[in-house]
Protein chains: 2
Amino acid sequence: MPSRPASDLTSHLGYWLRHVSNHVSHAFARKLESRDVTVAEWVVMRELYGADALAPSRLADKLRLTRGAISKLAERLIAKGLVMRASHASDGRAHILALTTKGRGLIPKLAALADQNDAEFFDHLTSQERSTVERVLKEIVKIRGLKSIPVD
Amino acid sequence: MPSRPASDLTSHLGYWLRHVSNHVSHAFARKLESRDVTVAEWVVMRELYGADALAPSRLADKLRLTRGAISKLAERLIAKGLVMRASHASDGRAHILALTTKGRGLIPKLAALADQNDAEFFDHLTSQERSTVERVLKEIVKIRGLKSIPVD
DNA sequence: TATTGTTATACTCTATAACTATA
DNA sequence: TATAGTTATAGAGTATAACAATA
């Protein structure tokens, strides 16, 4: 755990992390295009899939976005017929978001694209390397208290 | 090198990579704010610092951005007095971009912020973990032929 | 008055395409 | 006609703040 001054401008881990992450995301976005879904939309769908139905504010917490951002995303997903919005039974202020049948049916296809994308970039890693990277990334999330989820 | 079907939606490495990278970038962006510089601007400055002066098209290649994007970025940096634009000596079409004295003087300060940000997220790693992650990331860049540089 | 959502507004990042000035 | 740059336009992704309805 050295406190290493990265005097060389190209030596930062954050640099390489962003570099690779950007490319992985880009490649994934291109794959998602074939289904007319953006990465941000996929994140929301994926989250709803795991929870069945969620309040916008709950979603905002989990994804670390503002409620305004969630509203906009939800609006697009509703327009595409992938998500539905309903009023909460007992609290007149609250809403609930859930996948439609169409949205739910799309999940496996999008997940397959995620699998494919992951394979494209990480399949050549040894299982040792893979587990180290995965462990390190998850540790950082835990330590920093990065509550939840971004994308795939 | 298993061809692992990531049936679980949360099991993709790309997911964790993006998650951590987003947070590292965000934290860095907040630090850069104190100097009124964005991450994208820092990337350009950093590249110019390494090369002294570059044509916009050369910069676009290196950063994998379009020329239009570079123009816009350059415009902002020029407005901030951090970069200067000049005509090429022999080719009337070509331009050259370079850091101003002010821009050059800012580099060490921005680099210090990058160091600090890196330390914040990665200092707890063992040197073993650190080198594995760094090696894996760099390998991916090489294998995929991700030509150059993104950010820090 | 506090909370849940939505809407309005704005800015960064990036792309594509049209356009300008050389070569 | 091809190349280097810029400008115009657009859309994703977010944020902040103003606003509406309900608690």
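In what follows, chains are A, B, ... by sequence order, proteins preceding strands, each numbered from 1.
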**Q** Just N and O in the side chain of A/Ser57: are any of them under 4.0 Å from OP1 or OP2 of C/dG5?
**A** yes

**Q** Are A/Met84 and A/Leu106 co-members of a hydrophobic cluster defined by side-chain heavy atoms under 4.5 Å apart?
**A** no

**Q** Considering every strand and a 4.0 Å limit on heavy-atom distances, what is the contact class for A/Arg58: base, sugar-phosphate, or nothing?
**A** nothing

**Q** Polar atom pairs between nucleotides 6-9 of chain C and protein, under 3.5 Å, N or O only, would you list them?
**A**
unit_1	atom_1	unit_2	atom_2	d
C/dT6	OP1	A/Arg85	NE	3.4
C/dT6	OP1	A/Arg85	NH1	2.4
C/dT6	OP1	A/His95	ND1	3.1
C/dT6	OP2	A/Ser71	OG	2.5
C/dT6	O5'	A/Ser71	OG	3.4

**Q** Write down the atom of B/Ala27, the atom of B/Phe121, and the distance for their closest heavy-atom approach.
**A** CB-CE1, 3.6 Å

**Q** Would you indicate what A/Ser87 reaches in the nucleic acid, counting non-hydrogen atoms under 4.0 angstrom: base, sugar-phosphate, or nothing?
**A** nothing

**Q** Of the listed nucleotides (C/dT12, C/dA15, C/dT4), which one gets closest to any side-chain atom of B/Thr38?
**A** C/dT12

**Q** Which is the 5'-most and which the 3'-most nucleotide of DNA chain D that has an atom under 4.0 Å from a heavy atom of chain A?
**A** D/dG13 to D/dA23

**Q** Run the salt bridge (Lys or Arg N to Asp or Glu O under 4.0 Å) check on A/Asp61 and A/Arg67 step by step: do they pass?
**A** CA-CA 9 Å; A/Asp61 281 355; A/Arg67 284 171 300 158; over 6 Å; no

**Q** Provide, to the nearest angstrom, the distance between the CZ atom belonging to A/Arg93 and the P atom belonging to C/dT4.
**A** 6 Å

**Q** Taking the six-membered ring for Trp, are B/His23 and B/His19 parallel (under 30°), tilted (30 to 60°) or perpendicular (over 60°)?
**A** perpendicular

**Q** A/Leu65 and A/Val39: same hydrophobic cluster, using ILVMFWY side-chain contacts below 4.5 Å?
**A** yes

**Q** Once you round it to whole Å, what is the distance between C1' of C/dT14 and CG of A/Asn22?
**A** 12 Å

**Q** Expressed in angstrom and rounded to an integer, what is the separation of B/Glu33 atom CD from C/dT12 atom P?
**A** 11 Å

**Q** So what does A/Thr66 touch, heavy atoms closer than 4.0 Å: a base, only the sugar-phosphate, or nothing?
**A** base

**Q** If the test is side-chain contact (heavy atoms from CB on, under 4.5 Å), which one of B/Val83, B/Leu82, B/Ile78 qualifies with B/Lys80?
**A** B/Leu82

**Q** What integer distance in Å separates A/Ile96:CD1 from C/dT4:C1'?
**A** 13 Å

**Q** List the atom of B/Leu113, the atom of B/Lys31, and the distance in Å for their closest heavy-atom pair.
**A** CD1-O, 3.4 Å

**Q** Do A/Ile96 and A/Leu63 share a hydrophobic cluster (ILVMFWY, side-chain heavy atoms under 4.5 Å, transitive)?
**A** no

**Q** Could you state the atom-to-atom distance from CG of B/Leu63 to P of C/dT14 in whole Å?
**A** 9 Å

**Q** Of A/Leu65 and A/Asp91, whose closest DNA chain D nucleotide lies nearer the 5' terminus?
**A** A/Leu65

**Q** At their closest point, which heavy atom of B/Phe28 faces which heavy atom of B/Leu110, and how far apart are they?
**A** CE1-O, 4.4 Å

